[in-house]
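Just so you know, these numbers come straight off a predicted model, no measurement behind them. All chains are named by letter (A, B, ...) in the order of the sequence lines, taking the proteins before the strands, and each is independently numbered beginning at 1.
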Amino acid sequence: MNVRALLTERFEAALAAVLGEAVPANVQPAGRPEFGDYQVNGIMPAAKRMRGNPRALAEQVLARVAIDDLVEPPEIAGPGFINLTLKVDFLAETIGSMPLLATTAHPERIVVDYSSPNLAKEMHVGHLRSTIIGDALARLLAALGHTVIRQNHVGDWGTQFGMLLTYLDETGANSAELADLEQFYRAAKARFDDDPAFAARSRETVVRLQQGDAHAREAWQRFIDVSLAHCQAIYDRLGVTLSPADVYAESAYNDALADIVAELDRQGLATASDGATCVFLDEFKGKDGEPLPVIVQKSDGGYLYATTDLAAVRYRSRTLAADRVLYLTDARQALHFRQIFAVARRAGFANPTTRLEHMPFGAMLGTDGRPFRTRAGEVVKLAELLDEAEARALALVAGKNPELPEDERRAVARAVGIGAVKYADLSKNRASDYVFDWNQMLAFEGNTAPYLQYACTRIQSIFRRGEVTPETLPVRPAIDERAERQLAVLLVRFQEIVEQVAEDGCPHLLCGYLYELSTAFMRFYEACPILNADAGVRASRLRLCARTGDTLRLGLGLLGIETVERM
RNA sequence: GCGCCCGUAGCUCAACAGGAUAGAGCAUCGGCCUUCUAAGCCGAGGGUUGAAGGUUCGAGUCCUUCCGGGCGCGCCA
């Protein structure tokens with residue numbers, strides 16, 4: 001149940017009845033404990049528009065609003081806030097009988113375009129954000145009952161493939177030698193830069209490849225297969241839900257590109273400019289107000305990523321029948337996607353009802369605050385990052401809990417290490433730049449995955465020790481102590497947080513919530529004896545534990561983070 | 001030059017639609033393990049939210065100017 005939405009609905013109905021028009025109630029979680037659990041902030045702006053007295057309006061609204069099943073008698077505070085305190089009965093009933101997460105009444109078909117590495121190179125830290133944030137959103141949207149279509153738009157067709165295939169051809173490299181893609185890429189690049197004849201052959205190879213030359217295609221396929229296998233190994237290790245079936249590569253759009261340009265031309269949107277084919281839209285101006293082009297075909301006849309992205313929009317909107325398409329890419333591509341979406345709308349490649357949303361994320365910075373540049377030899381491969389994370393976690397687990405058997409210790413280290421890496425990324429607002437810092441990422445304290453995982457194990461441990469199964473517990477908890485109440489109020493907020501993340505695409509909100517929930521649980525755990533309490537209280541507190549554990553596990557699950565029995 | 005994003009405690013980050021006294025973690029200092037896992041809990045210090053104006057009952061949030069950083073701007077993706 002979405003408590004915030006419920007309160008908003010009730011207050012907006014009352015506001016509409018009083019004012020005769022719809023105005024936002026702006027219900028938010030209360031900023032301070034003394035203000036209750038939620039506060040209504042919409043009275044003051046509404047009163048201002050009506051040139052009325054906010055407190056008087058608040059009284060009128062309170063006379064009309066039907067909320068006594070949910071909250072204690074509300075208070076009007078300050079210039080016109082309404083403070084709401086949830087009834088203990090409502091908290092107990094919600095925790096006792098409402099599902100953790102209700103599915104949406106309006107399921108949609110949602111394409112999530114994420115990860116999308118370039119297959120010319122091995123995956124590195126630069127691919128982390130798209131992969132991890134995208135996967136969390138895909139899981140979360142699916143859990144809300146939407147139909148999620150994952151699209152891994154891998155780069156398998158760029159000009160650098162000419163260089164790689166030519167080098168592959170010349171060296172006759174086998175699969176084992178290809179295993180280190182990074183090394184292979186560097187060697188090919190060095191050759192390309194040093195040897196003009198090799199560079200020329202590379203460019204010819206691109207042309208042959210795009211013409212469908214059998215030999216070139218065979219070598220290309222061999223290379224792609226190796227590279228994709230690398231990616232899949234990383235996905236499996238990360239616990240990312242992408243599979244080979246989700247790969248829909250750039251090359252898949254090849255056959256549509258000519259038609260995209262032809263269609264733009266047919267509609268009079270295409271303009272020849274310096275030999276290239278461009279689309280100019282009024283809303284995009286460059287310096288001195290001169291129009292900014294979207295180039296869809298080069299002067300040599302080749303197509304560009306803009307063309308491919310337009311074809312992808314059309315495929316997703318028409319063929320996949322998406323209601324919504326989410327693009328998880330670098331913020332640097334913001335202008336590109338604004339242009340693509342605008343052109344796609346104008347040309348009718350996207351149905352008018354399809355929502356196209358770029359969900360950008362910030363740049364990768366080093367600890368010095370400078371942009372994290374991928375100079376040759378300085379990229380951190382994802383595989384190495386994950387090795388390091390697991391090794392650090394293993395050392396920590398061994399120190400903290402030496403009694404754990406070897407195999408379990410390894411499993412815990414994996415969950416903790418991988419979880420820490422994913423959570424470090426998920427817990428930060430994706431719009432901000434991202435400081436890549438080993439120590440920060442692998443510090444297992446505070447708002448981190450291990451803290452949340454630890455809270456889960458504490459709960460598990462209580463049930464083990466008490467030899468209690470949650471099914472035997474009473475449905476409704478009694479909520480008497482302050483720590484119990486604070487925990488309960490957070491527990492009933494889960495639905496509203498998940499729905500907000502689904503809307504905004506910001507998993508850090510869910511992270512913040514889960515962390516807050518965990519700290520509330522830790523305080524409850526310190527303040528309220530559970531197993532040693534009298535039978536009635538004990539059962540009630542175990543019910544709160546069970547609900548907290550279920551919420552944490554589900555929440556972490558939506559983020560793609562594993563939990564363990566003990567650690 | 002034009003445009004987009006960013007600037008919050010020493011560091012890394014929050015602050016949800018303009019709401020009430022800007023919050024966490026790390027680091028620093030001080031407490032708490034003979035009772036459910038101390039990866040924990042409790043407490044202390046630490047801020048002119050880059051600067052200056054403006055809008056209003058109220059601004060970290062909106063507007064203007066400036067400073068500082070990042071990125072983008074015709075045939076790479």
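Note: CZ (R430(A)) to P (C13(B)) measures 16 Å, nearest angstrom. Taking atom CE on M44(A) and atom C1' on A17(B), their separation rounds to 13 Å, with Å as the unit. Atom-to-atom, CD of Q333(A) to C1' of C73(B) comes out at 14 Å; the value is rounded to the nearest Å. The CD-P distance, from Q297(A) to C76(B), rounds to 13 Å in whole Å. In this structure, NZ of K428(A) is placed 12 Å from C1' of C26(B), rounded to the nearest angstrom. Taking atom CG of residue L281(A) and atom P of nucleotide G74(B), one finds them 16 Å apart after rounding to whole Å. Here the P atom of nucleotide A59(B) and the NZ atom of K48(A) are 11 Å apart, to the nearest Å.
Salt-bridge check for R4(A) with E499(A): failed, with every basic side-chain N at 4.0 Å or more from each acidic carboxylate O. Comment: D193(A) engages K189(A) in a salt bridge, judged by a side-chain N to carboxylate O separation of less than 4.0 angstrom.
Of the candidate nucleotides C41(B), C36(B), G74(B), C36(B) has the atom lying nearest to any side-chain atom of L531(A). Side-chain atoms of H508(A) lie closest to A15(B) of the nucleotides A20(B), C36(B), A15(B). Listed candidates were A77(B), G72(B), G40(B). Nearest to the side chain of R458(A) is G40(B). Distance from the side chain of L335(A) is smallest for C73(B) among the nucleotides G19(B), C16(B), C73(B). Among A77(B), C42(B), U37(B), the nucleotide with an atom closest to any side-chain atom of R464(A) is U37(B). Side-chain atoms of R465(A) lie closest to U37(B) of the nucleotides G40(B), A17(B), U37(B). Distance from the side chain of F280(A) is smallest to G74(B) among C36(B), G74(B), C73(B). When each of C16(B), C76(B), C36(B) is scored by its nearest atom to the side-chain atoms of L304(A), the top-ranked nucleotide is C76(B). Of the listed nucleotides (U56(B), G74(B), A15(B)), A15(B) has the atom at the smallest distance from the side chain of N429(A). Of the candidates A39(B), G74(B), C41(B), the closest approach to any side-chain atom of P450(A) belongs to A39(B).
Under the rule for a side chain to side chain contact (heavy atoms under 4.5 Å, CB included), the partners of A311(A) that lie at least two apart in sequence or sit in another chain are Y253(A), A256(A), L257(A), I260(A). A search for side chain to side chain donor-acceptor pair (under 3.5 Å) contacts involving E9(A) returns nothing, not counting sequence neighbours. Partners of F192(A) by ring pair (Phe, Tyr, Trp, His ring centres under 6.0 Å), not counting sequence neighbours: none found. Considering only residues two or more places apart in sequence or on other chains, Y303(A) meets the ring pair (Phe, Tyr, Trp, His ring centres under 6.0 Å) condition with none of them. Looking at residues two or more places apart in sequence or on another chain, you find no ring pair (Phe, Tyr, Trp, His ring centres under 6.0 Å) involving Y185(A). Residues satisfying the ring pair (Phe, Tyr, Trp, His ring centres under 6.0 Å) test with Y451(A), not counting sequence neighbours, are Y515(A). For R410(A), the side chain to side chain donor-acceptor pair (under 3.5 Å) partners are E406(A), not counting sequence neighbours. When the side chain to side chain contact (heavy atoms under 4.5 Å, CB included) test is applied to E182(A), the partners found at least two apart in sequence or on another chain are K121(A), E122(A), D180(A), R186(A), V379(A), K381(A).
Using a 4.0 Å heavy-atom distance criterion, Y305(A) is classed as a base contact. Across all strands, H336(A) comes closer than 4.0 Å to no nucleic acid atom at all (heavy-atom distances). If you check every strand for non-hydrogen atoms under 4.0 Å, N83(A) touches a base. Here E250(A) lies in heavy-atom contact (under 4.0 Å) with sugar-phosphate atoms only. N532(A) comes within 4.0 angstrom of a nucleotide base, judged by non-hydrogen atoms across all strands. Backbone-only contact: Y515(A) has heavy atoms under 4.0 Å from sugar-phosphate atoms and none from a base. Counting non-hydrogen atoms under 4.0 angstrom, E496(A) reaches nothing in the nucleic acid. Contacts of R566(A) with the nucleic acid, taken as non-hydrogen atoms under 4.0 Å apart, include base atoms. A77(A) comes within 4.0 angstrom of a nucleotide base, judged by non-hydrogen atoms across all strands. Among the atoms of the strands shown, base atoms are found under 4.0 Å from some heavy atom of I530(A). Among the protein residues, E445(A) comes within range of the sugar-phosphate backbone only, with heavy atoms under 4.0 Å from sugar or phosphate atoms but none that close to a base.
Both thresholds, 5.5 Å between centres and 30° between ring planes, are not jointly met by Y454(A) relative to the base of G40(B), so the two rings are not stacked. Here F35(A) counts as stacked on A20(B): its ring centre is under 5.5 angstrom from the base ring centre and the planes meet at under 30°.
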Which pairs of donor and acceptor atoms, one on a side chain in residues 45-55 of chain A, lie under 3.5 Å apart (sequence neighbours left out)?
residue: R49(A); atom: NH2; partner: E21(A); partner atom: OE1; Å: 2.9
residue: N53(A); atom: OD1; partner: R55(A); partner atom: N; Å: 2.8
residue: N53(A); atom: OD1; partner: A56(A); partner atom: N; Å: 3.0
residue: R55(A); atom: NH1; partner: G78(A); partner atom: O; Å: 2.5

What are the atom names and distances for every N/O pair under 3.5 Å that joins the protein to nucleotides 46-50 of chain B?
none

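Listed by residue number, L396(A), V397(A), K400(A) are the residues of residues 391-405 of chain A with a heavy-atom contact under 4.0 Å to RNA chain B.
For the pair F444(A) and D504(A), both in contact range of RNA chain B, the more 5′-proximal nearest nucleotide belongs to D504(A). Both C528(A) and G275(A) lie near RNA chain B, and the one whose nearest nucleotide falls closer to the 5' end is C528(A).
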Task: R464(A)/E565(A) under salt bridge (charged side-chain N to carboxylate O under 4.0 Å, His left out): CA gap, chis, key distance, verdict - done: CA-CA 10 Å; R464(A) 263 200 310 274; E565(A) 288 288 312; 3.8 Å; yes
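Listed pair H153(A) / A77(B) fails the phosphate criterion, with no side-chain N or O lying under 4.0 Å from OP1 or OP2. An OP1 or OP2 oxygen of A14(B) is reached within less than 4.0 angstrom by a side-chain nitrogen or oxygen of S432(A).
Side chain N41(A) to base A20(B): no donor-acceptor pair is found below 3.5 Å. For R541(A) and C36(B), a side-chain-to-base donor-acceptor distance below 3.5 Å is absent, hydrogens and geometry of angles not being considered.
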Open item on the list: Both atom distances under 3.5 Å, Watson-Crick or G-U wobble: I'd like the secondary structure of RNA chain B as a dot-bracket string, with | for pairs made across strands.
Closed with: (((((((..((((.....[...)))).(((((.......))))).....(((((..]....))))))))))))....
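Applying the 6.0 Å contact sphere to CG of D282(A) captures no more than 12 heavy atoms from other residues, nucleotides or ligands.
Ring geometry for F337(A) against Y327(A) counts as tilted: the plane angle lies between 30° and 60°, on a 0 to 90° scale.
With T329(A) as the fixed residue, the side-chain hydrogen bond (donor to acceptor under 3.5 Å, both in side chains) test singles out one of H358(A), H153(A), H336(A): H358(A).
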